[in-house]
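Proteins come first, then strands; the chains are lettered A, B, ... in the order of their sequence lines, and each starts at number 1.
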Amino acid sequence: GAVVSQHPSRVICKSGTSVKIECRSLDFQATTMFWYRQFPKQSLMLMATSNEGSKATYEQGVEKDKFLINHASLTLSTLTVTSAHPEDSSFYICSALGTGQETQYFGPGTRLLVL
Amino acid sequence: EDQVTQSPEALRLQEGESSSLNCSYTVSGLRGLFWYRQDPGKGPEFLFTLYSAGEEKEKERLKATLTKKESFLHITAPKPEDSATYLCAVRPTSGTYKYIFGTGTRLKVLA
């Protein structure tokens, strides 16, 4: 139980294009999902928290218009990196929190490379 | 200020050499403490959730314990496949959906 998937696992795009990453909770309903960014050999950096049907809450320093988050259902959240630039290249990881639960379950991550 | 500190930053063990990883935390109140394992290029894999001091949980060669100030992840007779980064996180009672992660301990088990 408690499986979270992410798609794609790896994406390469040209500078200026937009990229959408999907995060799905496969066997439970996730009222809340989190999006993280991780740089090599560093810990997780929380970007935003999304609740189903509500606007996401972004951490300080994270551009809302650049990292669009949609949590349209209890099993799906998407992160769209708009007008991507090489500095957006990173490892993006989502996690999901079941209704009334305390434990986050993480997806496998998406490696984004912007050329 | 809520804080989580993990030590050591890195640890090298010989196969079969048992050891412990430490996660010290400072929060006004604790809703839960979490241990994850992360392999390179992958998302964190859930290991344990602990809720109150005195609680212990085990899974194969791993055992997690919790006091009011810290948690230990004990690794008994580790194998090379236990090599990974181990992350600790706490969820304080204050703040909605707030989780604080430590910077992790990079464990390398040598055959």
Side-chain angles (χ1 to χ4, degrees), chain A residues 1-7 9-10 21 23-25 27-28 30-52 54 56-60 71 77 90-113, chain B residues 2-11 21 23 25 27 29-52 55 57 59 64 66 71 83-108:
Chain A
V3 179
V4 178
S5 69
Q6 268 184 256
H7 179 79
S9 58
R10 184 183 297 263
I21 302 170
C23 177
R24 294 181 184 273
S25 57
D27 52 2
F28 66 102
T31 312
T32 304
M33 287 185 171
F34 304 88
W35 287 95
Y36 295 85
R37 185 172 179 176
Q38 188 173 40
F39 295 101
K41 296 190 177 181
Q42 293 189 25
S43 192
L44 304 168
M45 185 188 80
L46 179 65
M47 299 175 65
T49 302
S50 73
N51 288 291
E52 186 264 339
S54 305
T57 302
Y58 290 82
E59 295 300 299
Q60 193 171 8
H71 192 162
S77 177
S90 192
F91 191 51
Y92 293 87
I93 311 173
C94 73
S95 71
L97 184 63
T99 306
Q101 301 300 308
E102 301 289 347
T103 302
Q104 293 181 55
Y105 293 92
F106 287 85
T110 296
R111 176 75 59 190
L112 171 64
L113 178 60
Chain B
D2 298 331
Q3 203 168 14
V4 174
T5 303
Q6 289 189 248
S7 62
E9 285 189 19
L11 181 63
L21 312 183
C23 173
Y25 64 92
V27 293
L30 182 70
R31 290 182 66 160
L33 184 141
F34 313 90
W35 282 99
Y36 295 89
R37 168 195 170 124
Q38 186 175 23
D39 293 297
K42 296 186 178 181
E45 174 190 345
F46 170 71
L47 294 174
F48 304 109
T49 300
L50 302 168
Y51 294 102
S52 57
E55 191 174 0
K57 288 191 176 175
K59 178 182 177 181
L66 180 66
S71 176
S83 298
T85 295
Y86 290 85
L87 295 171
C88 169
V90 300
R91 184 175 184 184
T93 52
S94 62
T96 307
Y97 306 119
K98 179 181 177 183
Y99 291 78
I100 305 164
F101 280 84
T103 52
T105 293
R106 295 191 308 279
L107 174 66
K108 178 75 172 177

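Partners of A:Tyr36 according to the side chain to side chain donor-acceptor pair (under 3.5 Å) rule, which considers only residues two or more places apart in sequence or in another chain, are A:Gln104. Applying the side chain to side chain contact (heavy atoms under 4.5 Å, CB included) rule to B:Lys42 yields the partners B:Asp39; only residues at least two apart in sequence or on another chain are considered.
Contact between A:Ser43 and B:Gly102 at its shortest, heavy atoms only, is OG-O, 2.9 Å.
Only the side chain of A:Leu97 comes within contact range of chain B, with at least one heavy atom under 4.5 Å from a heavy atom of that chain. Contacts of A:Gln101 with chain B are made by backbone atoms alone, with heavy-atom separations under 4.5 Å and no side-chain atom involved. For B:Gln38, the part sitting under 4.5 Å from any heavy atom of chain A is the side chain, from C-beta outward, and nothing else.
Across B:Phe101, B:Phe46, B:Tyr99, the residue that shares the most heavy-atom pairs under 4.5 angstrom with chain A is B:Tyr99. Counting heavy-atom pairs closer than 4.5 Å to chain A, the top residue among B:Pro40, B:Pro44, B:Gly41 is B:Pro44.
Annotation for B:Lys57: atom NZ counts as buried by contact number, over 12 foreign heavy atoms lying within 6.0 Å.
A distance of 4.5 Å separates CG in A:Asn51 from OH in B:Tyr97, rounded to the nearest 0.5 Å. Note that OH of B:Tyr51 is 4.5 Å distant from OG1 of A:Thr103, once rounded to the nearest 0.5 Å.
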